[in-house]
Amino acid sequence: MKEFTINGAAMKCYPLTAAQKLHYYTIRYSPVQVLCIGTGLYVKLDVDFDLLKKAVYMAYEKIDTMRLRFIQDDDGTVYQYIVPFEERDIEFRDFSNWSEEAANDEMKRWTAIPFERFNSPMNKVVMVKMPDGFNGIYLKVDHMTMDSSAIVGFDRAVLENYSILKYDANIKQSPMRPYIPQLEKDLAYEADSAARKKDEEFWMAEISRSEPMYTDFSGQGRLITQRRENNNPGQRWAMVVSKDPTAAISVYHLEQDASARLMDFCTENNVSMASLLLMGMRTVLSKFNDNEKDVSVKTCVARRGTLSEKYSGGTRVHFFPLRTIMEPELTFLEGIRMIQAEQSKMFRHANYDPIEYTMKRGQHWKYQPGTSYESITLTYQPLTINKDTPEMPDIPYKSCWYTNGVASQPLYLTVMHRPEDNGLNFNFEYRADAVTESEMEYFYYYLCRVLFRGIENKDRTIGDILEII
């Protein structure tokens, strides 16, 4: 901790966590990157925007990471601090006479504009009147201050506050925990603690056991080409970064009934949706790469196991590869169980710095910076705003995510539940120079084929699934 004088007041400032450094290094070494996340929360209701503004201010006051800012020392070190509550202006935009596409394009444009990095607010709320009868808020946040779990927590707080103000609803509000105590725990872990040393031993053992194999979402072409260019026929990794990070998002909507079948399978077999999705993805990657048994997918770890972690906001996401080597005789359900076992090991050691892990893996297997064994990343976001709370008015609502226009990874899949019917949306963020829309649709098509061929007969072997899809 270090004290800085900011606007005439002494402020306690803290170093960045590993999760924050992951994002900060992205913009530091790739200036074209943008860390903004843009979302919309809209209700089908004639909103009282004066009350909505009060609801937002109440959430600002309650959730201290909405007041998180950064400062840079003379030596270039970045610190973070919380400012006292302030009533920043909340803009109102009326899109009711626009087309929905034009309104969404405008909010995508907002999302692509980065925040001033130091001594400046790291979020912006705009009250929005949409053309389809939905009204609510657009929220832009800097990823160094909030992840998707924190965003859902803010949205939930705004909805609860508005319901209390508008309908005098007797709502037991979602709990929030202060950010700084949890931050101090994270920094203590990173300061060469015994827990960190134990986690490092685990990851170093994982790195050294054998070299993974790169499997691409578009087939073997990328790896074959790079092997030829590098005159390295045994190369098992591939270059995945690019000088052109231009990106877009495409969303595929899985029907409510089909989504329910996947969720019922998870409940009946005591497996997680994330494990089921990973099983589907690694089977498709195997199919596209000559039935390769050794498949790795980069996966998101939310790190929100304790009440303090769950309700303290901020950004906590770490990314690690989930690697599985599966024989064709293994059944679909056995494969999911293997994934769950690997996930359990990962979760126990997920506080380790993912940047340090990546650097050590590269040093061990002697591959270049910007290369990887993983071609695709998965985030499963189970959190939605609970509209089944009895005290909450039964109002139709929807949420939207807006691309900031750039991406560091070729293909990033986020699977989320739709608030209106709990069906699954598959949000593919793809880098235009690495993925064509037809390749992405092809991957999604085969992912669905694998998932439904698997759940209709959980004892079907991987080899059989690879043949019939």
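Side chain of Gln226 to backbone of Met239: a donor-acceptor contact under 3.5 angstrom is found.
Here the side chains of Arg316 and Glu309 are in contact, with some heavy-atom distance below 4.5 Å. Looking at heavy atoms from C-beta onward, Tyr357 lies in side-chain contact with Ile207 at the 4.5 angstrom threshold. In this structure, the side chains of Phe217 and Met440 stay at 4.5 Å or more apart for every pair of heavy atoms. The side-chain heavy atoms of Ile468 and Arg460, taken from C-beta on, include a pair separated by under 4.5 Å. Side-chain contact between Tyr81 and Tyr79: absent, with no pair of heavy atoms (C-beta onward) separated by less than 4.5 Å. Side-chain atoms of Thr246 and Val406, non-hydrogen and from C-beta on, never get closer than 4.5 Å to each other. Looking at heavy atoms from C-beta onward, Phe332 lies out of side-chain contact with Thr461 at the 4.5 angstrom threshold. Contact annotation: the side chain of Asn104 never approaches that of Phe95 to less than 4.5 Å [non-hydrogen atoms, C-beta and beyond].
No salt bridge links Lys398 with Asp421; every basic N to acidic carboxylate O contact stays at or beyond 4.0 Å. Under a 4.0 Å N-O distance rule, the pair Asp199/Arg348 does not qualify as a salt bridge. Looking at Asp142 and Arg117, a side-chain N of the basic residue comes within less than 4.0 Å of a carboxylate O on the acidic one, giving a salt bridge. Between Asp294 and Arg323 there is a salt bridge, since a side-chain N of the basic residue sits under 4.0 Å from a carboxylate O of the acidic one. Ion pair Asp464/Arg453 not flagged as a salt bridge, since none of the NZ, NE, NH1 or NH2 atoms sits closer than 4.0 Å to an Asp/Glu carboxylate oxygen. A salt bridge between Lys197 and Glu200 is absent, with no side-chain N of the basic residue lying under 4.0 Å from a carboxylate O of the acidic one. Between Lys293 and Glu327, at least one side-chain N (NZ, or NE/NH1/NH2) sits under 4.0 Å from a carboxylate O, which counts as a salt bridge. Checked for salt-bridge contact, Arg361 and Glu356 miss the test: no charged N lies under 4.0 Å from a carboxylate O. Of the charged side-chain nitrogens involved, at least one lies within less than 4.0 Å of a carboxylate oxygen, so that Lys345 and Glu342 count as a salt-bridged pair.
For the atom pair OH of Tyr14 and CG of Leu68, the computed distance is 11.5 Å after rounding to the nearest 0.5 Å. For the atom pair CD1 of Ile339 and CG of Leu278, the computed distance is 5.5 Å after rounding to the nearest 0.5 Å. Residue Ser308 holds its OG atom at 10.5 Å from CG of Leu183, rounded to the nearest 0.5 Å.
For the residue pair Ser242/Asp433, the side-chain donor-acceptor check at 3.5 Å is satisfied. Judged purely by distance below 3.5 Å, without hydrogens or angles, the side chains of Glu211 and Tyr373 pair a donor atom with an acceptor atom. Looking at Ser275 and Gln343, their side chains do bring a donor and an acceptor atom within 3.5 Å of each other.
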Verdict with reasoning, Asn291 to Ser286, per side chain to side chain donor-acceptor pair (under 3.5 Å): CA-CA 5 Å; Asn291 294 349; Ser286 174; 4.8 Å; no
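Checked against the 6.0 Å centroid criterion, the rings of Tyr24 and Phe70 do not qualify as a close aromatic pair.
By the 30° and 60° cut-offs, the orientation of the rings of Trp110 relative to Tyr138 is perpendicular.
Each of Trp203, Phe202, Phe347, Tyr352 was compared with Phe320 under the ring pair (Phe, Tyr, Trp, His ring centres under 6.0 Å) criterion, and only Trp203 meets it.
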Please list, one pair per line, the donor and acceptor atoms closer than 3.5 Å that link side chains of residues 260-269 to other protein atoms, with sequence neighbours excluded.
{"unit_1": "Thr267", "atom_1": "OG1", "unit_2": "Met263", "atom_2": "O", "d": "3.1"}
{"unit_1": "Asn269", "atom_1": "OD1", "unit_2": "Lys458", "atom_2": "NZ", "d": "3.0"}
{"unit_1": "Asn269", "atom_1": "ND2", "unit_2": "Phe265", "atom_2": "O", "d": "2.9"}

